[in-house]
Amino acid sequence: MYITPRSRTTMHRSPQQGPTMHRSPQRGPTMATNNEDDYKVKDTNPQLGEKWPNGGSYGGRGWMNGGEKVGTTYDLVEQTQYLYVRVVKARDLPVSGVTGSCDPYVEVKMGNYKGRTKQFENKRDPEWNQVFAFSKERIQASTLEVFLKEREMVGRDEYVGRVVFDLNEVPTRVPPDSPLAPQWYRLEDRRGHGKVMGELMLAVWMGTQADEAFPEAWHTDTAFVQGEGIFSIRSKVYMTPKLWYLRVNVIEAQDVIPNDVSRAPEIFAKVQVGNQVLRTKVSLPNTMNPLWNEDFVFVVAEPFEEQLVLTIEDRVHSAKDDVLGKTILPVSTFEKRLDHRPVHSRWFNLEKHGFGFMESDMRKELKFSSRVHLRICLEGGYHVLDESTMYVSDTRPTARQLWKPPVGILEVGILGAQGLLPRKTKNGRGTTDAYCVAKYGQKWIRTRTILDSFAPKWNEQYTWEVYDPCTVITLGVFDNCHLGGTENQGNGISSVRDSRIGKIRIRLSTLESHRVYANSYPLLVLHPSGVKKMGELQLVVRFTSLSLANMIYLYGHPLLPKMHYVHPFTVNQIDSLRFQAMNIVATRLGRAEPPLRKEVVEYMLDVDSHLWSMRRSKANFFRIMSILSGTISVSRWFGDVCNWKNSITSVLVHILFFILLWYPELILPTMCLYMFFIGLWNYRYRPRYPPQMDIKLSWAEAVHPDELDEEFDTFPTSRQHEIVRMRYDRLRSVAGRIQTVVGDLATQGERFQSLLSWRDPRATSLFIMFCLFAAVVLYMTPFRVVTLLVGSYTLRHPRFRSKLPSVPYNFFKRLSSRADSLL
């Protein structure tokens, strides 16, 4: 639904229900689908928060839009009250009489919820600086207890003291108020009858998720613990590592001496950066100065941890290569290029294989005179693609000097999910520990994990800068499978991998500026058993335009930086480089804490989108047919006009034809005016929601079970030979029909070429004589008369038509083509 951001109308929550499963008519052989309404985007009515006073800051500065600041502080989510407890430090703690040391930790207890800090060993003045957040909806006690305990050798912790707070006296903090200052509190004994030795510095207040302590807090809705310590997965913001293209031009080598001088060497160069390995072609034989002049492109990420390793090798036979020389170059030393200016080449000395790890004195004695000529640079004018160009979320070049100011702000409020299905089993019952991941540009976000809930509530808001409106934000929901439990059998996902719940994409260009979209998106996943709705994701999205002129200016410029068009990559290079970029991003994000796991990154970046799928092939075929349906409909309508199926329409077309014939200057204005009125008419039927996954368009509800099994098969295949043979025969059948269509198109084109090729002397003679006669007639006859005769003949009444094909059609079909020369 649409909500204007300046509206102050309070919206009440509408009850949300999980998806109801219905049996619907089958489009496929054995597929059963849900109710069609379950797969549509729906309106929601969340009770969104109000803008905070002076809350128009983003990134430490105010974004101005027409003199008014754009509020971006948690006004797109439902405000949730939290009780925050900041445990700062302690002092003057007593020493244990049993161990003779002090190993303290703090336990915060609110009813059945407990949070525990880390434990220090032998420290009387520990400092924790940890924050705990208790959701007000789950608070069932009237007091907050903070215990200071000490670990004992016998396995039972010793009670040191406590601090008790009455919730009625806890202050409320509303941003942008200053943070609440912590205070020292004397510890009480267990019964509260007196003070004990030691003090604890605490800060306790009521706040919302807009509090700056919210991201770093340990949340009780992510960790429900009864006497076992706390395990929490907090929200996290990740940044994609800065990716560069490394271009290596291997030009030549000098004085390369093979190990076996009795044979003609087959020398080639191998370049390796990390796990990326590329080889040159084999040089001409019988030469000690091989020449290649080949270009290689790799993907590297800052900070540059990998080194470029170049080896000169001699191919002895298919299973053995002799290393003749080697050089190792750090990537950080290479020149960074921002455009297509030439880069100076350099000569690098080669070390003899096996001498690289000897002592320095010995290496001087065994100095090798071979060297290699290279031209190396880091390309800053390209955008390193780690996602498909169809769903690209960032188009900026690598070099920051080439960036332009942002044209908008994207704000996404992740409210929660509804109707999630159980993904694993704990204690004999199904459960789901869900979290949401969003990716746009270089910024990834991960919400906190809500434990054991089929309707998790995150209520987290995030903001991105937008540099191009023709980009896509991707959001995915996953089940955290690293918290224990057994994965459901038969879903094809390992228990050590976070399982997919669903993914949605929103193209920013489909959003109206300064509008708030509050919708519930279905989460659809394709399983080997068919398409399945896993629940619904509730989002609130707002795209704010900072400069309408700059945004319109972008529509006339290329999507990618100009280097992609000045010096483009081949299709194979683009696929290979994208795969390497995805691997680097997945590896780097997997090293964060908490890690964004590889299976999550690969799912968000569509790592398997290039694999063969009969279902996707069908979907693309019917997409083409849908595009051609308009042309086919127009041709059928024109055929009905020519055949006088509707006399009134045919007469009107004749009148329009005569008017345009006598006034040809009205043709183009009439066409433009016609499209203008069509656009105005279609405004009534404009889309009300951002586009979402369409199971009919994806051909997911009509796919054959064996085709699904083929899509989920590994590469290379792991199926039996009989199944692979059947699928190969099916693929041959489909490819045969495609081959026939392509051959027919080629035949028609070759017939046009044969008109003047004298392959058929009689046909060419007839055609050139017709061209001569037509030239004379057209020169002598006014153009209006010729058009009138041709148009009248085309629109003639059916009684003047013959059922036999026309003469030009018969002549064209008789022309020869190169199909006669095919084997």
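Side chains included, hydrogens not; waters and symmetry mates left out as well; all remaining heavy atoms used.
With 3.5 Å as the limit, one finds a donor-acceptor pair spanning the side chains of Ser393 and Lys439. A donor atom on one side chain and an acceptor atom on the other are not found under 3.5 Å apart for Trp205 and Thr172. Tyr82 and Thr208 share no donor-acceptor pair across their side chains, judged by distance under 3.5 Å alone. Side chain to side chain, Tyr105 and Glu107 fail the donor-acceptor criterion of an N or O pair below 3.5 Å. Side-chain polar atoms of Thr463 and Glu411 form no donor-acceptor pair below 3.5 angstrom.
Between Asp452 and Arg429 a salt bridge is recorded (basic side-chain N to carboxylate O distance below 4.0 Å). Ion pairing between a basic and an acidic side chain is recognised when a charged N comes within 4.0 Å of a carboxylate O; Glu536 and Lys42 show such pairing. We find that Asp433 and Lys426 are joined by a salt bridge, their nearest charged nitrogen and carboxylate oxygen being less than 4.0 Å apart. At a threshold of 4.0 Å, the pair Lys457-Glu137 does not count as salt-bridged, since none of the basic side-chain nitrogens sits closer than that to a carboxylate oxygen. Under 4.0 Å is where a charged nitrogen must lie from a carboxylate oxygen, and between Arg173 and Glu212 at least one such pair does. Salt-bridge annotation for Lys336 and Glu302: present, with a side-chain N of the basic residue lying under 4.0 Å from a carboxylate O of the acidic one.
In this structure, CD on Glu169 lies 11.5 Å from OG1 on Thr143, to the nearest 0.5 angstrom. How far CD1 of Ile584 is from OG1 of Thr240: 12.0 Å, rounded to the nearest 0.5 Å. The structure places CG of Asp386 at 11.0 Å from CG of Asn583, a figure rounded to the nearest 0.5 Å. Here the OG-CE distance, from Ser499 to Met534, works out to 7.0 Å after rounding to the nearest 0.5 Å. Within the model, atoms CZ of Arg91 and CE of Met201 stand 6.5 Å from one another, a figure rounded to the nearest 0.5 Å. Taken to the nearest 0.5 Å, the CD1 atom of Ile501 stands 6.5 Å off from the CZ atom of Arg423.
Among Leu451, Thr449, Leu420, the one residue that satisfies the side-chain contact (heavy atoms from CB on, under 4.5 Å) test with Pro456 is Leu420. The side chain to side chain donor-acceptor pair (under 3.5 Å) test with Lys424 singles out one residue from Thr432, Thr431, Asp479, Asn480, and that residue is Asp479. Paired with Trp464 under the rule side-chain contact (heavy atoms from CB on, under 4.5 Å), one option of Ile409, Ile445, Asp394 passes, and it is Ile445.
For Leu243 against Ala301, the heavy-atom pair with the smallest separation is CD2-CB, 3.6 Å. Nearest heavy atoms, Leu508 versus Tyr440: CD2-OH, 3.5 Å. The two atoms that bring Cys436 and Leu537 nearest to each other are SG-CD2, 4.4 Å, heavy atoms only. The nearest pair of heavy atoms linking Arg116 to Gln130 is O-NE2, 4.3 Å. Contact detail for Ser520 and Gln538: the closest heavy-atom pair is OG-CG, 3.9 Å. Pro104 approaches Pro126 most closely through the heavy-atom pair CG-CG, 3.6 Å.
With a 6.0 Å radius and a threshold of 12 heavy atoms from other residues, nucleotides or ligands, Lys136 has its NZ atom at or below the threshold. Around atom NZ of Lys195, more than 12 heavy atoms belonging to other residues, nucleotides or ligands sit under 6.0 Å away.
Remark: the backbone N or O of Thr80 is paired with a side-chain donor or acceptor of Gln209 at under 3.5 angstrom. With hydrogens and angles ignored, the 3.5 Å screen pairs no side-chain donor or acceptor of Gln81 with any backbone N or O of Ser135. Using a distance-only test at 3.5 Å, with no hydrogens or angles considered, a donor-acceptor pair links the side chain of Ser453 to the main chain of Ala455. Panel note: side chain Glu188, backbone Val163; no donor-acceptor pair is recorded below 3.5 Å. Listed for the Glu460 side chain is no donor-acceptor partner under 3.5 Å among the backbone atoms of Ser235. Judged by distance alone, the side chain of Lys236 and the main-chain N or O of Glu593 form a donor-acceptor pair under 3.5 Å. Checking side-chain atoms of Asp125 against main-chain N and O of Asp92 turns up a donor-acceptor pair under 3.5 Å. Remark: side-chain polar atoms of Thr471 are paired, donor with acceptor, to backbone N or O of Asp468 under 3.5 angstrom.
In this structure, Arg446 forms a cation-pi arrangement with Tyr435, its terminal cationic atom sitting closer than 6.0 Å to the ring centre and no more than 45° off the ring axis.
Inter-residue side-chain proximity for Met239 and Arg588 is flagged as unmet; no heavy-atom pair is nearer than 4.5 Å. Counting heavy atoms from C-beta on, the side chains of Ile414 and Val77 never come closer than 4.5 Å. Arg162 places none of its side-chain heavy atoms less than 4.5 Å from the side chain of Asp189. Counting heavy atoms from C-beta on, the side chains of Asp498 and Cys481 come closer than 4.5 Å. Using a 4.5 Å heavy-atom cutoff, the side chains of Asn519 and Val541 are not in contact. Here the side chains of Leu475 and Val437 are not in contact, with every heavy-atom distance at 4.5 Å or above. By the 4.5 Å heavy-atom criterion applied to side chains, Pro330 and Phe304 are not counted as neighbours. Residues Trp184 and Leu200 are not in side-chain contact: their nearest non-hydrogen atoms beyond the backbone lie 4.5 Å or more apart.
Aromatic pair Phe478/Tyr603: ring centres closer than 6.0 Å.
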Practice item. Test Val516 against Val540 for side-chain contact (heavy atoms from CB on, under 4.5 Å), laying out the working first. Key: CA-CA 7 Å; Val516 175; Val540 180; 3.4 Å; yes

Check your understanding: Does the pair Val237 and Lys443 meet the rule for a side-chain contact (heavy atoms from CB on, under 4.5 Å), with working shown?
Key -> CA-CA 7 Å; Val237 176; Lys443 180 178 176 181; 3.9 Å; yes

Practice item. Evaluate the criterion salt bridge (Lys or Arg N to Asp or Glu O under 4.0 Å) for residue pair Glu145 and Lys114; output intermediate values, then yes/no. Key: CA-CA 10 Å; Glu145 297 179 290; Lys114 294 181 181 179; over 6 Å; no

Practice item. Please assess Ile504 against Leu539 for the test side-chain contact (heavy atoms from CB on, under 4.5 Å), listing each intermediate value before the final yes or no. Key: CA-CA 11 Å; Ile504 67 170; Leu539 299 176; 3.3 Å; yes

Check your understanding: Leu48 and Asp75: side-chain contact (heavy atoms from CB on, under 4.5 Å), yes or no, with the steps?
Key -> CA-CA 6 Å; Leu48 302 183; Asp75 60 333; over 6 Å; no

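Ring pair Phe120/Trp128 is tilted by interplanar angle, where 30° to 60° counts as tilted.
By the side-chain hydrogen bond (donor to acceptor under 3.5 Å, both in side chains) test, Glu305 pairs with Arg591, sequence neighbours left out.
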